[in-house]
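First comes the structure, then the notes that go with it.
As the structure is a prediction and not an experimental result, all values here were calculated from the model.
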Amino acid sequence: QVQLVESGGGLVQAGGSLSLSCVVSGRALDGYVMGWFRHAPGKEREFVAWIYRRGTGTYYADPIKGRFTITKDNAKNTVYLLMNSLKPEDTAVYYCAASDRTAVLTSPSSYRAWGQGTQVTVSS
C-alpha cells in the first residue's frame with residue numbers, strides 16, 4: 001500500500017519562497033504520475049502541477065505557472081514543489097497525490113493515493 005507524507009509548509013510573506021516535499025513509501029516512485037493539489041477554505045480542491053513517471057514531463061496550472069516548479073528524485077522516492085513569488089491567494093493546504101493513469105491528470109479523481117496535506121500561509 002502506497003503512503004505519501006508531505007512536509008515543508010509554513011508561514012511566509014508575500015514574495016517569499018517555500019519548498020514542499022512528499023516522501024512516497026510502499027512502491028517505487030517511478031511507477032506513478034505525481035501531482036500536487038491545494039485546497040483553500042471555501043474553495044474546491046485545485047490542481048497545481050504534475051510530473052510524469054520518470055520526470056520526463058511536467059504540467060502546471062495557469063495561476064502558478066512560472067512561479068512553481070515540480071521535480072522528483074526517484075532514488076529518494078521524493079517529489080518536490082518549489083514555490084517562488086508566493087501570493088496571499090496561494091494560501092491553502094497542499095497535498096501530493098499518486099496516479100497510475102495516463103490521462104485527465106488535472107482531476108483529483110484520477111489519483112489513488114493522497115498525503116495528509118501541509119499548510120501554506122502567505123501573508124500580505
Side-chain angles (χ1 to χ4, degrees):
Q1 182 178 354
V2 63
Q3 293 185 320
L4 293 72
V5 179
E6 303 99 332
S7 62
L11 174 64
V12 64
Q13 288 188 332
S17 299
L18 280 175
S19 182
L20 306 184
S21 299
C22 173
V23 178
V24 179
S25 60
R27 185 173 169 179
L29 187 60
D30 63 2
Y32 291 110
V33 173
M34 297 300 299
W36 284 96
F37 289 78
R38 63 187 183 185
H39 193 185
K43 297 185 178 180
E44 294 189 355
R45 189 166 297 195
E46 177 187 27
F47 166 75
V48 175
W50 59 250
I51 185 165
Y52 209 63
R53 288 176 173 77
R54 290 178 173 80
T56 54
T58 58
Y59 184 77
Y60 297 92
D62 286 342
I64 59 87
K65 199 173 293 183
R67 299 188 295 121
F68 291 11
T69 304
I70 185 170
T71 59
K72 63 190 304 191
D73 185 333
N74 286 337
K76 295 183 178 180
N77 254 31
T78 301
V79 183
Y80 305 95
L81 185 69
L82 175 61
M83 305 183 294
N84 293 321
S85 302
L86 283 162
K87 304 175 181 180
E89 53 262 44
D90 295 319
T91 295
V93 177
Y94 283 72
Y95 299 88
C96 69
S99 175
D100 51 13
R101 298 190 179 183
T102 58
V104 201
L105 295 170
T106 59
S107 171
S109 62
S110 295
Y111 292 77
R112 60 192 296 265
W114 292 81
Q116 82 288 351
T118 185
Q119 176 71 47
V120 171
T121 303
V122 184
S123 63
S124 58

Fill in the blank from the handout: So CH2 of W36 and CD1 of I51: to nearest 0.5 Å the spacing works out to 11.5 Å
Handout entry: Residues, nucleotides or ligands: over 12 heavy atoms within 6.0 Å of Y59 OH
Key = no
Exercise for the section: Not counting sequence neighbours, list each pair that qualifies as a side-chain hydrogen bond (donor to acceptor under 3.5 Å, both in side chains) and has a residue in residues 7-16. Expected result: none
Fill in the blank from the handout: Separation between CG (N84) and OG1 (T69), nearest 0.5 Å, reads 6.5 Å
Practice task
Flag yes if more than 12 heavy atoms outside K65 fall under 6.0 Å of its NZ atom; otherwise flag no.
Solution key: yes
Fill in the blank from the handout: So side-chain hydrogen bond (donor to acceptor under 3.5 Å, both in side chains) across residues 20-31, not counting sequence neighbours, yields R27-Y32
Practice task
Among residues two or more places apart or on two chains, list those pairs meeting salt bridge (Lys or Arg N to Asp or Glu O under 4.0 Å) that have a residue in residues 104-120.
Solution key: D100-R112
Problem - pair C96-V79: side-chain heavy atoms closer than 4.5 Å - result: no
Handout entry: Gap separating the OH atom of Y94 from the CE atom of M83, nearest 0.5 angstrom
Key = 5.5 Å
Problem - Validation row: Y95, Y111 side chains within 4.5 angstrom (heavy atoms) - result: no
Handout entry: Side chain proximity check, E6 to Q116, heavy atoms < 4.5 angstrom
Key = yes
Problem - Co-membership, hydrophobic cluster, residues V12 and F68, 4.5 Å side-chain - result: yes
Handout entry: Test item: P63 and E46 side chains (from C-beta on) under 4.5 Å apart, heavy atoms
Key = yes
Exercise for the section: Measure the acute angle between the ring planes of F37 and W114, then classify it against the limits of 30° and 60° as parallel, tilted or perpendicular. Expected result: tilted
Exercise for the section: Could you check if a side-chain atom of T71 sits within less than 4.5 angstrom of a side-chain atom of L82, using non-hydrogen atoms only? Expected result: no
Handout entry: Non-hydrogen side-chain atoms of V24 and M34 separated by less than 4.5 Å
Key = yes
